[in-house]
Peer 1: 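Please see the structure below; I have some questions.
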Amino acid sequence: MVKTIEWIDGKVRMLDQSRLPREVVYVDCPDYQTVAEGIKRLWIRGAPAIGIAAAMGIALGAQELKAKDFEGFMKGLEPVFNTLLSTRPTAVNIQWAVERTKRLLSGKRGLSAAELKALLIEEANNVLKEDIEVNRTIGRWGARFIKDGDTVITHCNAGSLATGGYGTATGPIRAAVEQGKKIQVIADETRPVLQGCRLTAWELMEDNIPVTLITDNAAGALLRKGEINLAIVGTDRTAANGDVANKIGTYSLAVLCKENGVPFYVAAPLSSIDFSISSGEQIPIEERGPEEVTHIFGCHIAPEGVKVRNLAFDVTPAKYITGIITEKGVFRPEDLHKLNEKDIDLEAIRMKT
Ligand code: MRU
């Protein structure tokens, strides 16, 4: 399985996904500003992966601090947090990484600056390790809903590349394959920047998982023909009511699935569920530059000067979602908020196959 990001020799090494699949190039980021640049420019992308990059960026930023006392250290981290938070607004994972760091440090007042710096490197590596474990658990829960012989459609890339490894939406796919189920994957190409074509098709082929690439426009026709058994996608931020923000085009796919009676699942690690917001309407939607729409790999394909709208994400209302696959089990969207309650009987609300 391909390595997305790692902490190595005091630097953050990330695979430059903007060049895939034509070139496999790793970039070494020596400071947090380069990590932030990499997130903005999609060298690294996918909600969990940018959460890990943020945790590593914070650790890098901390190494440069000159402060000797705790207050000075925390103050010094503020610009690091703010720079990382300003990169991409939709995925909640950067915020999640910042809050996790603040929580960790709040209990460590007694440590020296050198100890705090070492702690943040350890924490960033923990975030990466935990992410892979979470994805494997999501995989095991989700694979129960995939039958031998099924064809699964996915949108964008919620695979190894979008995470520390194994993937969220590809988690159940990989687990089903490991269980010996013979399945097929349909990958939407995912305009404008083609994560389905460049990344999902590539990583599944690397791992010998049968994949067929389609244009985004073809999904409806295949669903109507009965050639697809279920959909599994990832999420950048899921609200407490089960509304899901994910790559632009997810909403259209979900509506088409509902219309054709095909179950639509969202793989959502708890780190991408924002229990502080009650509905998807509160999720900030990133709009990116026009060149992603007017150009493909640097080649101009639109009339010069045309007006462009480039929404990077959309929100799929909970009513289109069959189940949300988390590391705690698979839940109906209307039960999701219960995961944030104390003493909840998870078994009572888990979806059964
Ligand atoms: O713009 P991107 O490539 O960062 O968008 C990624 C997605 O929409 C993914 O589906 C989502 O982040 C989940 S990744 C496990």
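Start at 1 and go down the list; that is how both ligands and their atoms are numbered. Hydrogens, waters and symmetry mates are skipped; everything else that's a heavy atom, side chains included, is used.
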Peer 1: For ligand 1, which atoms, with element, lie under 4.0 Å from some heavy atom of Phe313?
Peer 2: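 What qualifies from ligand 1 is 1 (O), 5 (O), 8 (O).
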Peer 1: Can you label the angle between the Phe145 ring and the Tyr265 ring as parallel, tilted or perpendicular, going by 30° and 60°?
Peer 2: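 Rings of Phe145 and Tyr265: tilted, as their planes differ by 30° to 60°.
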Peer 1: Is the closest N or O pair between Thr168 and ligand 1 shorter than 3.5 Å?
Peer 2: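 In fact, backbone or side chain, Thr168 has no N or O that close.
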Peer 1: Is Glu334 salt-bridged to Lys319, going by a charged N under 4.0 Å from an acidic O?
Peer 2: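 Salt bridge absent between Glu334 and Lys319.
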Peer 1: Specify side chain, backbone, both or neither for Thr235, according to which of its non-hydrogen atoms lie closer than 4.0 Å to ligand 1.
Peer 2: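 It is the backbone that gets close, since no side chain atom is under 4.0 Å.
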Peer 1: May I ask you to identify the nearest protein heavy atom to atom 9 (C) of ligand 1, giving residue, atom name and distance to one decimal place in Å?
Peer 2: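 Ranking protein heavy atoms by distance from atom 9 (C) of ligand 1, first comes Asn246 OD1, 3.3 Å.
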Peer 1: If the test is side-chain contact (heavy atoms from CB on, under 4.5 Å), which one of Leu222, Leu213, Val152 qualifies with Ile186?
Peer 2: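 One option only clears the test, and that one is Leu222.
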Peer 1: Have Ser160 and Arg174 got a donor and an acceptor in their side chains that come within less than 3.5 Å?
Peer 2: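 On atom types as modelled, these side chains qualify, holding a pair under 3.5 Å.
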Peer 1: So, 4.0 Å and heavy atoms of Ala91: is ligand 1 close enough to count as a contact?
Peer 2: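 Contact check Ala91 vs ligand 1: negative.
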Peer 1: Please state which protein non-hydrogen atom is closest to atom 14 (S) of ligand 1 and give its distance, to 0.1 Å?
Peer 2: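 Its nearest protein heavy-atom neighbour is Ala162 CB, 3.5 Å.
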Peer 1: Does some non-hydrogen atom of Asn157 fall short of 4.0 Å from ligand 1?
Peer 2: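 In this structure, Asn157 qualifies as a contact of ligand 1 - some heavy atom is under 4.0 Å.
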Peer 1: Yes or no on salt bridge (charged side-chain N to carboxylate O under 4.0 Å, His left out) for Lys108 and Glu115, after CA distance, side-chain angles and deciding distance?
Peer 2: CA-CA 9 Å; Lys108 307 287 176 198; Glu115 286 167 328; over 6 Å; no
Peer 1: Run the numbers for me: atoms of ligand 1, each under 4.0 Å from some heavy atom of Gln195, listed by number.
Peer 2: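 Going through ligand 1 atom by atom, the ones under 4.0 Å from Gln195 are 1 (O), 2 (P), 3 (O).
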Peer 1: Return yes or no for this condition: an N or O of Gly46 is under 3.5 Å from an N or O of ligand 1.
Peer 2: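 Yes; the residue has a nitrogen or oxygen that sits under 3.5 Å from a nitrogen or oxygen of the ligand.
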Peer 1: What residue and atom, counting heavy atoms only, is the protein's closest point to atom 5 (O) of ligand 1, and at what distance?
Peer 2: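 The answer is Lys247 CE, 3.3 Å.
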Peer 1: Cut-off 3.5 Å, side chains only: do Asp188 and Thr190 have a donor facing an acceptor?
Peer 2: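 On atom types as modelled, these side chains do not qualify, holding no pair under 3.5 Å.
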Peer 1: Using 4.0 Å as the upper bound for N to carboxylate O, is an ion pair formed by Glu347 and Arg350?
Peer 2: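 Salt bridge: yes.
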Peer 1: Between ligand 1 and Cys156, can you find any atom pair, the residue atom being a heavy atom, that is separated by under 4.0 Å?
Peer 2: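 The answer is yes: ligand 1 sits under 4.0 Å from a heavy atom of Cys156.
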Peer 1: So does Asp335 pair up with Lys338, basic N to acidic O under 4.0 Å?
Peer 2: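 So Asp335 pairs with Lys338 through a salt bridge.
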Peer 1: List the closest protein heavy-atom neighbour of atom 4 (O) of ligand 1: residue, atom name, distance to the nearest 0.1 Å.
Peer 2: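 Answer for atom 4 (O) of ligand 1: Arg88 NH1, 2.7 Å.
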Peer 1: A quick test of your reading: do over 12 heavy atoms of other residues, nucleotides or ligands sit less than 6.0 Å from CZ of Arg332?
Peer 2: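 Open: at most 12 neighbouring heavy atoms sit under 6.0 Å from CZ of Arg332.
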Peer 1: Is any N or O atom of Asp236, backbone or side chain, closer than 3.5 Å to an N or O atom of ligand 1?
Peer 2: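 By distance alone, the answer is yes.
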Peer 1: Taking N or O atoms only and a 3.5 Å limit, does Ala47 qualify as a polar contact for ligand 1?
Peer 2: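 Yes, since at least one N or O of Ala47 sits under 3.5 Å from an N or O of ligand 1.
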Peer 1: With a cut-off of 4.0 Å, which atoms of ligand 1 are near a heavy atom of Pro48?
Peer 2: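 Near Pro48, meaning under 4.0 Å from one of its heavy atoms, ligand 1 has 14 (S), 15 (C).
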Peer 1: Identify, by atom number and element, the atoms of ligand 1 in contact range of Ala158, meaning under 4.0 Å from any of its heavy atoms.
Peer 2: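 Listed by number with element, the hits are 14 (S), 15 (C).
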Peer 1: Looking at Lys225, I'd like to know if its NZ atom is crowded, meaning that more than 12 non-hydrogen atoms belonging to other residues, nucleotides or ligands lie closer than 6.0 Å.
Peer 2: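 Not buried by this count: 12 neighbours or fewer within 6.0 Å.
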